[in-house]
Amino acid sequence: MTSPQETTAEVPLRRLLPRVPDRFAALGAVLIVLIVLAAIMAPWLAPYPDEPRPLEGSLPPGAAHWFGTDQLGRDVLTRILYGARTSLSIAVSVLAVSALAGVTLGVVAGYAGGWVRDAIMRVTDVFLAFPALLLSLALAVVLPPSVTTVILAIAVTWWPWYTRLAASVAASIATRPYVDAARCLGVPAPLIVWRHVLPNSLTPVLVQMSLDAGGVILTAAALSYLGLGAQEPTAEWGLMVQQGQTLFTTNWWIGTFPGLAILVTAFAFNMLGEGLRNALDPRARKVT
Amino acid sequence: MIEVRDLQVRYAGRLVAGVPELDVGAGECVAIVGESGSGKSTTLLSLLGLTENADISGHVRVCGVDVLTASPRRLREIRGARAALVMQSPQSALSPATRLGVLMRRALRLHGVGSGKDGRLDEIMAESVAAVMLDRAILRRYPHEISGGQAQRFAIALAIALGAEVILADEPTSALDVTVQAEVVGVLRRLREERDLALLLVSHDLALVSTIADRVLVMKDGEVVESGPAARVLTEPSHPYTRELLEALP
Amino acid sequence: MTMLRAERVTLGYAGRAVVHDVSLDITAGGVGLIGESGSGKTTLARAFLGLLTPISGNIWYGDQILKKADMRKFRKDVQPVFQAEALDPRMRVGASVAEALAVRGSRTARARVPELLEQVGLDPGLATSRPHQLSGGQRQRVVIARALAAGPRLLILDEPTSALDVTVQARILDLIASLDTERLLITHNLAVVERLCRTSHVLFAGRVVESGPTRDLLANPAHPYTLALRDAVPKLGGPPPQARGVTEAVPAGTGCPFRFRCPLAAPECERPPALREVRGRQVACHRAEDVLATGPGSAP
């Protein structure tokens with residue numbers, strides 16, 4: 001006597017959230033909420049939002065400037081808060097673009113199967129054949145350095161993963177009896193994909209997105225660090241680390257605090273993603 | 001071999017299984033029947049101390065060990081050796097990358113069976129596999145290469161090799177085709193007679209139970225509603241629920 | 001003429017045949033398809049539902065080959081009832097039933113949902129529930145309601161009750177028996193077939209090994225596999241179930257597919273047996289007469 005088994009894919013995310021018992025995941029979630037709030041509230045939170053550039057040069061951390069000031073005399077904390085806006089919007093844009101393209105293609109490939117699937121998967125294979133960072137670098141070199149470039153360069157290497165993931169999930173959903181039942185009712189294929197396959201394929205993709213956010217932020221920071229992404233005066237963590245690097249021995253705080261911001265944010269997304277993944281794992285779910 | 005008095009298993013205060021009395025002697029077969037949610041599997045698991053996060057009260061002795069108060073070490077001694085658990089789909093419990101023979105040998109060593117001389121170990125393995133009517137060649141196979149019925153019989157062979165005196169079986173045949181079920185049931189019946197094994201069977205299948213069990217407990221919503229000799233319970237049921245179950249048989 | 005008919009169909013996936021050269025009419029009074037897991041019965045059902053195109057042979061829908069038939073009409077006429085898991089876990093069950101109505105272009109789709117739920121013995125108030133909030137039996141009733149929404153003349157039922165508790169199973173069977181449609185019932189449960197199907201076909205290794213009136217077939221099997229199946233079913237208070245022959249040998253590639261398991265196997269079984277008429281039945285066994293002689297007894 002087995003009760004109907006729900007697979008990983010079909011567990012609604014909503015039902016998982018209260019069940020994430022994992023303290024790390026909860027910590028990750030809290031951190032992310034704080035970071036997002038900080039980014040949104042930057043103009044109000046930042047101690048020196050519209051600071052005219054003072055002339056005294058870099059100051060160490062102190063009461064007036066908790067994280068010190070950079071080589072141009074700007075408050076590092078202020079720039080980190082504004083940098084959160086840049087990093088998060090890059091992460092959100094990259095993931096949105098990749099997931100939209102990736103999931104659309106993946107769900108179609110997974111449901112249709114046959115030559116449609118083969119064609120789509122071969123294209124993604126081509127993209128996956130290049131080392132991701134190299135491809136991003138190459139694109140970033142060709143395009144003028146900017147935040148948009150960073151988004152494009154990373155998204156191009158990121159979407160194929162979502163295609164793969166969505167295709168494999170959708171292929172298994174497509175064999176479910178309820179999909180067969182819809183086919184037997186004569187529901188047109190596009191409607192079946194939209195109504196049954198897509199919603200039931202989404203949960204693993206969302207989990208993957210939260211796992212990936214940290215990686216995107218790291219990659220974006222790396223591109224900016226190399227001078228291929230955000231440009232002065234945009235506040236961007238990778239760029240700030242790069243600027244602080246040369247001064248590390250004398251003015252360690254310029255690069256260290258943005259570096260920590262990158263670390264904490266990437267880590268927070270990872271913890272949340274891991275937690276969600278564990279909650280999704282049927283072996284971790286309570287047997288009743 | 002199994003002696004249960006006033007067993008109550010609760011999860012978060014809710015009674016999931018309550019069994020006032022249950023005895024299984026050597027060579028006997030007792031069955032617990034019921035539908036999903038009746039508490040029959042919980043009862044079985046609690047006898048081996050395998051219920052997690054449950055509050056258990058009462059008195060349970062298996063192979064002479066007081067399960068509810070025994071130390072984890074004592075429990076391990078009976079669990080898997082003197083009292084073996086046979087589940088619905090044993091294949092998932094077999095490590096996929098290990099040949100069955102290796103698996104069995106490890107289990108035997110772990111429990112100190114036939115230690116020292118390898119020849120003795122091989123003998124035990126060969127004999128137990130033969131006892132469940134499997135070919136010796138199966139010891140060279142990997143778990144995914146055998147069928148459900150073979151896996152179930154291998155699980156039983158493993159129990160015998162380990163010197164099990166009690167077999168606790170949870171829906172051992174409900175994932176199998178009827179012809180295969182007949183064979184597995186045949187093996188269990190024969191072992192019970194030849195080796196005086198005590199058999200506690202949990203099943204939803206009244207017809208199956210009626211052909212093998214000496215005594216039957218009928219459970220519903222965590223409580224035993226009727227118990228007694230199989231022949232009586234299944235032909236002259238006194239509880240309306242038992243009657244309903246029997247009438248539902250197609 | 002029967003509504004749906006398989007004519008020498010061979011079916012499979014990725015070029016590997018699972019069902020070989022099967023001919024079968026879905027006749028009136030209920031048709032049972034019996035066999036163990038892997039016998040090809042579900043594959044055959046998928047072909048009848050138009051979900052799988054035969055490698056060779058044809059599925060006939062009336063006087064037309066299914067591939068070329070009016071699919072709108074076919075989808076209305078023939079509906080599946082799968083196991084209770086056949087509901088989208090995210091959809092409210094009322095929406096699942098309404099989907100079936102909407103496809104037929106019924107503008108008042110939502111309005112008819114309560115009526116259909118009542119017809120299958122469910123409280124119409126359950127329409128707003130999601131599948132996981134219902135019991136297995138309730139889910140199965142929803143699955144039936146959705147199939148009925150199309151107004152089918154034939155239901156193809158694939159193990160409709162095997163995941164349910166016996167008491168629930170009995171009520172679902174009552175419901176199925178009360179429906180005014182033709183049915184093809186796929187199951188491993190002989191008692192269910194006996195109750196719901198006038199005619200039965202026994203499948204082994206993708207081949208029909210015996211066909212005939214269900215009652216005769218189970219009372220006195222003519223094929224050793226039918227006999228083995230029947231005797232393996234435990235009967236209340238009856239003798240212990242019998243395992244006849246070897247139960248798990250791989251089906252033979254040549255000759256009679258059952259011969260490695262068959263207690264009556266003889267040298268002539270190296271030749272593949274053709275289906276032949278024996279006492280009002282179709283049997284694919286060289287020794288059908290001997291089997292008939294050994295196996296009379298009570299049906300389960």
**Student:** Quick check on the structure: residues of residues 183-192 of chain A within a heavy-atom distance below 4.5 Å of chain C, by number.
**Tutor:** A/R183, A/C184, A/L185, A/G186, A/V187
**Student:** Taking side chain as everything from C-beta outward and backbone as N, CA, C, O, which of these in C/R46 sits under 4.5 Å from a heavy atom of chain A? Side chain, backbone, both or neither.
**Tutor:** side chain
**Student:** Is a donor on one side and an acceptor on the other found under 3.5 Å between the side chain of C/R90 and the backbone of A/P199?
**Tutor:** yes
**Student:** Between C/M71, C/M91, C/K76, which shows the greatest number of heavy-atom pairs under 4.5 Å with chain A?
**Tutor:** C/M91
**Student:** Would you mind checking if C/D88 and A/R176 are paired as a salt bridge, meaning a charged N to carboxylate O distance below 4.0 Å?
**Tutor:** no
**Student:** If you count the non-hydrogen atoms of other residues, nucleotides and ligands that lie under 6.0 Å from CZ in A/R122, is the total more than 12?
**Tutor:** yes
**Student:** Any heavy-atom pair between the side chains of A/R195 and C/E99 that's under 4.5 Å?
**Tutor:** yes
**Student:** With sequence neighbours left out, what residues match C/K67 under side chain to side chain donor-acceptor pair (under 3.5 Å)?
**Tutor:** none
**Student:** Identify all side-chain donor-acceptor contacts of residues 93-100 of chain A below 3.5 Å with residues at least two apart in sequence or on another chain.
**Tutor:**
residue : atom : partner : partner atom : Å
A/S93   : OG   : A/S89   : O            : 2.5
A/S98   : OG   : A/V94   : O            : 2.6

**Student:** For A/V116, check side chain to side chain contact (heavy atoms under 4.5 Å, CB included) against everything at least two apart and list the hits.
**Tutor:** A/V108, A/A112, A/I120
**Student:** Which residue out of C/L51, C/I156, C/L49 racks up the most heavy-atom pairs below 4.5 Å with chain A?
**Tutor:** C/L51
**Student:** Could you tell me if the side chain of A/Y178 sits less than 4.5 Å from the side chain of C/P89, heavy atoms only?
**Tutor:** yes
